[in-house]
Structures are given as C-alpha cells and as structure tokens.
Protein chains: 2
Amino acid sequence: MSVRIDELDRKILGCLQVDASRSLDEIATEVGSSKTPVWNRIRKMREAGIITSQTVTLDAEALGFDACFYVLIRTSEHEQDWQKRFLEALNARPEVQEAHRLAGDIDYILKVRVPNARAYDAFYQALISEVKIHNVTALLSMEEIKSTTALPL
Amino acid sequence: MSVRIDELDRKILGCLQVDASRSLDEIATEVGSSKTPVWNRIRKMREAGIITSQTVTLDAEALGFDACFYVLIRTSEHEQDWQKRFLEALNARPEVQEAHRLAGDIDYILKVRVPNARAYDAFYQALISEVKIHNVTALLSMEEIKSTTALPL
DNA sequence: CGGTAAATCAGAACAAAGTTCCTTATTCAA
DNA sequence: TTGAATAAGGAACTTTGTTCTGATTTACCG
C-alpha cells in the first residue's frame, strides 16, 4: 500500500534532494516545522520506499572517467532466456550506469561511463561476446550539459 | 590542482556511494582505519570537488513520475546564440534530468522524467516553441532495468 | 454541530555521531 | 640514519540524531 504524501513531505524531499547532509533542525526551520515531525516523516518515507537510498555524487572526470556513451541496441532475440542473460550481463558490469527497455524501433538504451574510448571498446567486445545483439549504435558524449537526479516535486 | 587519490580514499568513496548515511565509525571499520583519518579524507575530497554533493535517491514511480523518455535531437543551428538559448531552456526545465552534447549525427540527447505522456508532450511543445529544432526522436522507456550513479572505483 | 479518539506536533531529555585536539607513529628527504 | 613533515589513533568535546512526554490539532461519528 502506498503512503500519502502531503505538502510538508514534498518540501522535506525537496530539501533532501538538494542537500541530504543538512541537519534536521535546519530542514525543520526551512519547511516551517520542528525536529520530531521531520524525523518521523523521513523515517516513514524511507520505510515506504519513497526514499530509496542516500548517496554521494562524485565528479566522474576528476576520478578519471572521461568518456560517456549512450548505447542504442537492437536485437532480433526476444525470448525469455536471451533477455535474462542480457539483464544479468548488464547488472554484472559496473560501467553501465543506466539501462532501459524501450518501446519501438530500438529495444534498449544504455548509459556507459568509462575512462576512455578503449575501455568502451573492451566493454562492447565483452558484451557482444556474451549475448547476441543485432545492431548497436554508440553515441559519444562531448559535454555533460546537465545532470541531476532531482525530481520536480 | 588535483588531489591524489589513494587506495584508502577509493575504499571510502566506495562505501559512501553505497550508503552515505553510515557513521564514520562503521566506515572506518570497513576500510580498516579510524574515525579521524576517514573524516579528514572526506573533507579534503569535498574541498577538492571530488565529492560533489550528498543527496537522497527517490522512487520516481512512487511519486507519480511514471514516464521516462530519452530524446534524440538534431539541429540545423550551430551558432553560439542558439546554443546558449537551448542550454538555458534545458536548465530551466526540471523534468530534464540529463542533457549531453554529442559527437556525430545526433547533436543532443536528453533524459526526461514526467508523470505521463501528456506531460511529455507539454514539455516537447514548450521546448520547440522556445528554440528551433530540426529533428526530434523520443524513445519511450518501458522498464528501468538498471539505475545507478556509482562509479566503478 | 459538538464530543471523542486518533494522530501530530513542539520541546525537553537522552544517546549517538560528528568534530576537534593532542600525542604517537610513519613517511620521505637530506 | 636523522630530522622534518605528514598522517594516524584515541580521547575530549560539540553538535546532531533519536526518543519520550504532554499539549494541540485533526478527523470521524453520533
């Protein structure tokens, strides 16, 4: 069953999305409440799975991940077994940051972050050796214009 | 100037990527160190910009964002002015979670999260009314197979 | 439109974690 | 090998997270 989210919850989530390291007192002041209700609401939203996790975002380039590719994948295989193996392959590879199954012409899109083009090729070769893929198009990112995980609440 | 990252820093970042809400003591134990050095290293990596921010990840569907599109954009305009206005339009729209400038045939890719298809159309109409765009292809996600911001350190 | 029960809130008390300080160990260069 | 600079470990201190209680509000039903 789902938890009803009210205006105060939304404000709290908004705060946390911007900076999850702020203290409860600060958040309470900003949303016009006090410590206890803010804490209780955060706890409930955690338990309800609305707040999935708490992480740090790292500067990919500062850590040597200079290349980012979006990979468009077409496949001729549509059986359960193939899909299962494809999924496992994606989950096993940490360079895959996103994977979506699509509607329409293109079957899957991946976002892949690697140190350089050579590392992408290694990834690509490994992937196609594991599962049969009909057609692949790689889109190379030149510039990350915008990047956020924040939802517009 | 960049900060040298050693094996211990990498372990700490690995911990924080998984769960940034854990206590310093827990992290220190896991990486085989103690509170103080862990705290100092985190502070330094913050100051150096390696750790960009600390946020919560929310369940988009639980919050009513049921639709996700990848949008491939071709433009015939390549002047500074056009690019500036396009960039401003993207930054002004919170439904755009990612935007990359690409090499090759397709000029830009966007990741757009909205409550439903109608909301996407509203976004699309608003965007093309603001800036001239030659060609747009929208890829509709049926299923989010994988989603992480963690880098493989 | 009351009156009661349930839920929520504000503030205080307590526990736990973050932050600082100081001493000891380690590293690196002369 | 010796000295200076740097980092680590542990204890003191401060801030924050967490729990508890009483008061208030909200919601529901007669």
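Below, chain A is the first sequence line, B the second, and so on; all start at residue 1.
Taking 4.0 Å as the cut-off between side-chain N and carboxylate O, A/Arg10 and A/Glu7 count as a salt-bridged pair. Looking at A/Glu61 and A/Arg113, no side-chain N of the basic residue comes within less than 4.0 Å of a carboxylate O on the acidic one, giving no salt bridge. The existence of a salt bridge linking B/Arg101 and B/Asp107 is excluded, since no basic side-chain nitrogen approaches an acidic carboxylate oxygen closer than 4.0 Å.
For the OP1/OP2 pair of C/dA7 and a distance below 4.0 Å, the side-chain nitrogens and oxygens of A/Lys44 include no atom meeting the criterion. Look at A/Ser33 and you won't find any side-chain N or O under 4.0 angstrom from OP1 or OP2 of C/dC9.
Regarding A/Asp19, its CG atom lies at a distance of 13 Å from the P atom of D/dT16, rounded to whole Å. Protein atom CD1 of A/Ile42 is 16 Å distant from nucleotide atom C1' of C/dT8, rounded to whole Å. The CD1 atom of A/Ile12 sits 12 Å away from the P atom of C/dT8 (whole-angstrom rounding). Between A/Asn40 atom CG and C/dA10 atom P there is a gap of 12 Å when expressed in whole angstrom units. The CH2 atom of B/Trp39 sits 16 Å away from the C1' atom of D/dG9 (whole-angstrom rounding).
Centroid-to-centroid, the aromatic rings of B/Phe69 and B/Phe123 stay 6.0 Å apart or farther.
When only modelled atom types and interatomic distance are considered, B/Ser23 and B/Asp25 share no side-chain donor-acceptor pair under 3.5 Å.
Residue contacts shown for A/Arg41 are limited to sugar-phosphate atoms, with no base heavy atom under 4.0 Å away.
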Taking protein heavy atoms under 4.0 Å as touching, what does nucleotides 10-15 of chain D look like 5' to 3' if B marks base contact, S marks sugar-phosphate-only contact and - marks none?
-> B-----

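Side-chain contact between A/Leu8 and A/Arg41 is present, with heavy atoms from C-beta onward closer than 4.5 Å.
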